[in-house]
Amino acid sequence: MLQKKELPKLNEGFARIVFCHNENDVEATIKAYTALGPLDTLSNGCFGQKNPDAKIQLGIMKFLKKVEAPSNVGSSSDSVQDSAYPQASDANNICCKGTAKESLLLGVASKEVKESENLAKGSVDDDVSVDEITTLAFPSISTADFQFNNETASDIIVEKVEEFVNKLENARLVLVDLTHGSKILSLVRTKAEKRNIDSKKFFTFVGNITQLYSQGGLRCNVIANAANWRLKPGGGGVNAAIFTAAGLALETATKERANSLLPGHAVVVPLPSDSPLYTREGVSHVIHVLGPNMNPQRPNSLNNDYNKGCSILREAYTSLFTGFLSILRSRSKLPRRISEKLALTPLDLKDPSLDPRNHLTNSDQKIKRDDGCVYERSKKCKGANDETVADISAPSSTYGKVTGDKSKLEGPTSKTWGSWAQALYHIAMHPEKHKDELLEVLDDVLVLNDLYPKACKHLLVLARHEGLDGLVDVHQEHLQLLMTMHAVGLKWAEKLLHEDSSMVFRLGYHLAPSMRQLHLHVISQDFNSNHLKNKKHWNSFNTAFFRDSVDVIEEIKNHGKATIKDEDSQLSMELRCHRCRSAHPNIPRLKSHISICQAPFPHALLENGHLVLAPKT
DNA sequence: GTTCTAGAAC
DNA sequence: GTTCTAGAAC
């Protein structure tokens, strides 16, 4: 209903929403406001007026039966939701629905929280909270600098959104572009409409992805970055904007997770609470994504190979959305009281104890945080209190009671483990007792040298979660952990490559590990070690017994578990060179062969990131 | 996971 | 004779 009494006056710094019942109401409203000053058409279904003194824009949202979407709407506005509003036959009906109201609020929220409170109170009857919605804002991947065809990219975006949108529960996805005339937004919008994708769960938005809340009133807890492969600031576009807006905190947090990214992959980085993006915009995570590159001027150009390109772009969106889902899942594990506070903006969080980022759950999985607060706290705890690590493990755990008991201990998969097989488990549970052996200590993982390396360089990335003895225990909810383990392993491989660029690394898990506690092998492919002594040693790294980390991650993403089969048969297979595939009668003969074999690695290994090599110079 | 060692393979 | 494997014990 047009609320004419609200029309004449708009205080400085305030915005107002006017609910219109029908086209006539909208026209009348626009007319009334036009009388007060020039009115801009901001975008489809949305009009605005810039008040130069107030520095805030007034918006009038139009809710009608069906609005044709013009792809080009010139405007000087900063940002505005780009159509895709819920549509219904009666505007009042929409107004009564929380989701529509959220859209309204999001569309024209003002700059300061105080102001938006006033906005809500002044113009909207019911107080409907939008706070419980978790939102991922993402730019179109690869269509800008990487010159990926917009038409094809829009198909893939819509396809992937459609695939994930039903898994979101109370969350949503927003495709963001800086410009109003954005071709990709227009294409995606049209195609999403055609496929009847729920516009409450997915819509497009015009605005700066680093100012969605402060300038556009759209609260996005998670934003995606179209990153470069080195995960470094600079370049241009979204990457430069996000790194600049997030400050050094993002660079540091990113470095802890990964040093580089393969095309088609994504890495979730929790944003430290001192980052301006966190304090100003309420962004808790940045997900770096690397898409395929079609630009010959940029590294790893695919030379217009759209077969590969499409497959990598699909992978990129899968990784991005899966990363987002893992954030949702870890949030949903928070106790109710905390999750209720989750969507509070940082401005609302006067009491740091209310900040969910400062909490650990009581469940058997810690909510991983390496932002300043928690990291500092956990470090302090380690010094003061030996129970820190025990706090992480499950109080309700029924296995793995670490006592002096020499008897075999049961793990979660009820496999029995000899006392000798518990060494990694002990390290994972009590890293403070093994400081000298550890190369790196992070919230979720530890890095250490394998005690009996089977190659010149052989590291282990050890999960710290209790209850994960091996791959068999890994499920969908561990996806984020697997990605962290991979990223940390990759980081170390690259560090070692820096010291010796002739090395080649492979990252993977043993199908049936001898040692309890999930660990990722990062192993150089020279296999030049006196500790490699028998057929089992060789085959555990050079048959299907060795499961590449990238493949395991894919399997968990797609099927929720890793395929475990034929573990024993792999270990007794004939001995074959991992490069030229020639067979050898015994270990000494094989070893003398691999010391000289220069054959290229098999295609299956060279493709899809199974091997980590130094970049070609 | 390693070490030890009997016995098979050469 | 030596070399190498594979199973038991830890």
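Every heavy atom of this structure was used, including side-chain atoms; hydrogens, water molecules and symmetry mates were not. So you know, we letter chains A, B, ... as the sequences are listed, proteins then strands, and number each from 1.
Counting only residues at least two apart or on different chains, the ring-ring contact (aromatic ring centres under 6.0 Å, His included) pairs with a member in residues 491-512 of chain A are A/H510-A/H521, A/H510-A/F541, A/H510-A/F545.
Using a 4.0 Å heavy-atom criterion, one finds that A/N586 contacts the sugar-phosphate atoms exclusively. At a threshold of 4.0 angstrom between heavy atoms, the contacts of A/H519 with the nucleic acid are absent. The residue A/K533 sits close only to the backbone: its heavy atoms come under 4.0 Å of sugar-phosphate atoms, none of a base. The residue A/I587 sits close only to the backbone: its heavy atoms come under 4.0 Å of sugar-phosphate atoms, none of a base.
A side-chain donor-acceptor contact under 3.5 Å links A/S540 to the backbone of A/H537. Looking at A/S529, its side chain does come within 3.5 Å of a backbone N or O of A/P453 through a donor-acceptor pair.
Nucleotides of DNA chain C with any atom under 4.0 Å from a heavy atom of chain A span, from 5' to 3', C/dC4 to C/dC10.
With hydrogens and angles left out, the side-chain atoms of A/Q525 and A/R506 include no donor and acceptor closer than 3.5 Å.
Using a 4.0 Å cut-off between charged side-chain N and carboxylate O, A/E555 and A/R547 make a salt bridge.
Taking the six-membered ring where the residue is Trp, the centroids of A/H430 and A/Y425 are separated by 6.0 Å or more.
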